[in-house]
Protein chains: 2
Amino acid sequence: MRVRLEDVAREAGVSPKTVSRVLNDEANVKDETRKRVLAAMEAMDYHPHPSARSLAGNRSFLVAMLYDNNDNPTSSYLAEIQDGVLEACDEHHYSMMVRPLRIGGSDFISRVDALISHHHPDGVVLTPPITDYAPLLKRLSEREVPNACVSPMKHRGRIGVFMDEREAARAMVEHLVSLGHTRIAHVLGIASHGASRWRLAGYRDALAAAGLREDPALIVQGAFTFGSGVTAARELLALKKKRPTAVFAANDDMAAGVMWVAGEYGLKVPRDLSVCGFDDTPLASQLWPALSTVRQPSREMGRVAAMQLLDTLRGRGPGKLVQVPYSLELRDSTTTAP
Amino acid sequence: MRVRLEDVAREAGVSPKTVSRVLNDEANVKDETRKRVLAAMEAMDYHPHPSARSLAGNRSFLVAMLYDNNDNPTSSYLAEIQDGVLEACDEHHYSMMVRPLRIGGSDFISRVDALISHHHPDGVVLTPPITDYAPLLKRLSEREVPNACVSPMKHRGRIGVFMDEREAARAMVEHLVSLGHTRIAHVLGIASHGASRWRLAGYRDALAAAGLREDPALIVQGAFTFGSGVTAARELLALKKKRPTAVFAANDDMAAGVMWVAGEYGLKVPRDLSVCGFDDTPLASQLWPALSTVRQPSREMGRVAAMQLLDTLRGRGPGKLVQVPYSLELRDSTTTAP
DNA sequence: TTGAAAGCGCTAACAT
DNA sequence: ATGTTAGCGCTTTCAA
């Protein structure tokens with residue numbers, strides 16, 4: 001038979017309400033009483049019934065993670081964020097549900113509405129690129145559902161986590177500059193994603209700092225996929241005289257596409273062409289030569305964003321927008337200019 | 001204020017219990033009454049409170065998807081299965097939670113226990129490679145948690161979904177044979193995964209059917225990753241005289257690794273070397289040349305597995321182990337033998 | 001610092 | 001075919 005709160009109370013010689021207090025980390029419980037209750041819980045292997053808690057307490061202990069499965073970045077990125085969010089939720093005995101959405105879809109908002117009406121999440125975690133989707137933010141605020149986000153475009157009034165992607169991109173390109181490269185190309189991501197903008201901005205920062213002139217022919221469109229990296233690289237490497245000696249792709253998948261095409265043109269990476277990416281997905285270290293890239297701690301970012309949300313839900317203050325550090329993973333795909 | 005079942009009952013002029021019957025699709029409600037209740041629900045925008053339902057009905061309406069995030073196959077595979085499971089759950093107003101596990105970890109079972117104790121899922125969906133992990137199956141049966149699985153190794157007594165991977169692999173290799181290849185290599189997946197065994201078996205079936213002798217040098221170990229495909233291909237293409245003219249990799253990531261290495265050896269795919277994979281992940285169609293592969297309908301498989309589970313949970317019969325069809329996606333990476 | 005009573009919104013069991 | 005009653009296991013008052 002299931003062990004109930006009442007059973008614990010009897011065992012510990014206190015009232016159910018006191019056990020409830022201990023369970024919810026409330027004040028006004030003598031330390032010794034608390035210990036006794038905790039011991040009883042432990043001894044009886046007590047687990048509160050989530051539904052009973054939700055019903056009586058009018059909160060679901062549920063966090064929903066919203067993501068776009070339309071044109072998302074690499075799926076490993078979302079998978080890692082998901083793991084991080086889940087980890088934080090587990091730690092605080094919240095449960096997590098995931099909810100794919102299509103940012104193009106006309107039923108976007110109604111699907112969010114349905115989620116809220118059906119499951120009553122106490123809060124939601126937003127992932128790129130839906131972190132700044134205005135109609136969504138508006139609806140969440142109307143329905144008073146707190147949210148935290150990963151890498152929002154606008155920082156004002158948001159809680160969650162971000163990385164200085166612009167600075168990271170700048171550092172990566174600066175590294176190429178320091179290797180003597182002067183013709184450095186950039187493969188763009190999807191324009192509407194903040195990531196694309198920041199990485200482009202960082203690229204430009206580095207060129208400017210080095211006194212290099214920006215060449216429009218060296219900035220080509222991509223879409224965060226391997227295939228789009230292939231297409232972009234063909235365009236880039238077809239440039240006869242003005243061919244770049246280094247390519248900074250806005251993510252690892254596209255960088256892999258660039259390395260792929262290098263072979264077609266008889267170019268050896270990194271001897272003839274340096275290539276670098278962004279994200280440090282598993283692919284990066286599997287490629288040959290291993291890809292130099294910017295490590296983005298996706299898993300931790302999911303964790304931190306969820307933590308901030310949970311802090312607000314649990315009345316632990318308002319939650320902040322936390323910055324996490326990037327790091328440059330300089331591997332074998334970048335070297336001195338030919 | 002929240003609309004409750006009682007409010008709907010009043011509006012429809014029936015008792016709460018009748019509304020409950022309608023809600024749960026129970027028998028013994030006059031058709032006209034049912035309609036009236038349904039109309040009232042609609043008009044009042046009524047949504048049952050999941051926690052109240054769980055508490056009173058002693059069921060959680062929760063399905064947990066268990067997966068291994070230790071040495072999993074490509075993450076897009078799991079992501080697609082997840083989407084499929086979620087779709088089925090949504091349809092039947094169940095909620096879904098995900099639970100990463102580490103099959104190596106000593107705390108595997110205790111983590112599953114914690115999941116069950118905390119969240120009381122009505123059932124779980126198992127994904128490879130944990131579909132046949134005996135201690136898990138044992139514990140689930142002890143705790144009477146129904147399960148459905150995706151691609152289990154042993155079929156007896158299981159419910160869920162599977163594909164005839166052996167036959168699919170055979171067909172893929174038969175295709176290579178029909179193109180005139182006689183030296184066909186195979187890159188193995190992780191040995192403990194059923195997928196690896198079936199795909200190897202299919203490879204052998206095809207060779208045998210064609211009267212080709214199996215050459216141990218042409219069967220090399222891989223681990224389902226791009227990097228492992230690279231390593232395997234190096235081994236394979238280093239073979240001077242006996243070099244294969246075609247490679248069947250046990251998944252797409254490894255096939256991409258093989259194509260990658262082909263360039264290093266000055267081999268053009270498919271002219272000098274035909275390459276094919278398995279799974280039809282997004283990568284397959286992004287590669288250049290586009291990869292010939294076996295399409296495994298992962299998303300639908302997740303959906304079907306969840307459906308079978310839900311059928312049993314909802315008392316719709318015992319649930320079956322459903323077979324889904326594969327299809328050969330013959331693209332540009334395979335052609336006639338040189 | 002602790003406890004008693006009254007629900008939270010729904011369903012099970014038993015009527016009718 | 002429909003209604004009545006009594007909880008499910010917890011938290012919220014409010015009182016002591």
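Quick note on labels: first sequence line is chain A, next is B, and so on, each numbered from 1. Values in this document were obtained by computation on a predicted structure and should not be read as measured data.
The CZ atom of Arg53(B) sits 18 Å away from the P atom of dG9(D) (whole-angstrom rounding). Per the geometry, NE2 belonging to His118(A) stands 17 Å off P belonging to dG9(C), to the nearest Å. Atom C1' of nucleotide dT11(C) and atom NZ of Lys17(B) are separated by 5 Å, given to the nearest angstrom. Counting to the nearest Å, the P atom of dT11(D) and the CG atom of Asp25(A) are 12 Å from each other. To the nearest angstrom, P of dC10(D) lies 15 Å from CZ of Arg59(A). Counting to the nearest Å, the C1' atom of dG7(D) and the CZ atom of Arg2(A) are 15 Å from each other. Taking atom CG on Asn58(A) and atom C1' on dT13(D), their separation rounds to 14 Å, with Å as the unit. When the C1' atom of dG9(C) is taken as reference, atom CE of Met41(B) falls 13 Å away, rounded to whole Å.
Aromatic ring pairs are classed by plane angle as parallel below 30°, tilted from 30° to 60° and perpendicular above 60°; the pair Phe162(A) and His155(A) is tilted.
Where Ser15(B) and Arg4(A) each meet DNA chain D at their nearest nucleotide, the meeting point lying more 5' is that of Ser15(B). A residue-by-residue look at Ala56(A) and Thr18(B) shows that Thr18(B) has its nearest nucleotide of DNA chain D further toward the 5' end.
Among the protein residues, Pro48(B) comes within range of the sugar-phosphate backbone only, with heavy atoms under 4.0 Å from sugar or phosphate atoms but none that close to a base. Here Phe61(A) lies out of heavy-atom contact (under 4.0 Å) with every strand.
Side-chain nitrogen and oxygen atoms of Ser20(A) include at least one within less than 4.0 Å of the OP1 or OP2 phosphate oxygen of dT11(D).
In this structure, His120(A) has its ring center under 6.0 Å from that of His49(B).
Taking the ring centre of Tyr67(B) as origin, the terminal cationic atom of Arg99(B) falls outside the region bounded by 6.0 Å and 45° from the ring axis. Both the sub-6.0 Å distance and the 45° axial angle are satisfied by Arg53(B) relative to the ring of Phe61(B).
Judged by distance alone, with hydrogens and angles left aside, Arg21(A) brings a side-chain donor or acceptor within reach of the base of dT2(C), the pair sitting under 3.5 Å.
Each of dT11(C), dT2(D), dT2(C) was ranked by its minimum atom distance to the side chain of Thr33(A); first place goes to dT2(C). For Glu26(A), counting side-chain heavy atoms from C-beta on, the closest listed nucleotide (dT11(C), dT12(D), dG3(C)) is dT12(D). Residue Leu55(B) has its side chain nearest to dC8(D) when only dC8(D), dT11(D), dC14(C) are considered.
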- Verify salt bridge (charged side-chain N to carboxylate O under 4.0 Å, His left out) between Arg158(A) and Asp132(A), making sure each step is shown before the conclusion. CA-CA 10 Å; Arg158(A) 306 301 300 274; Asp132(A) 293 79; 3.7 Å; yes
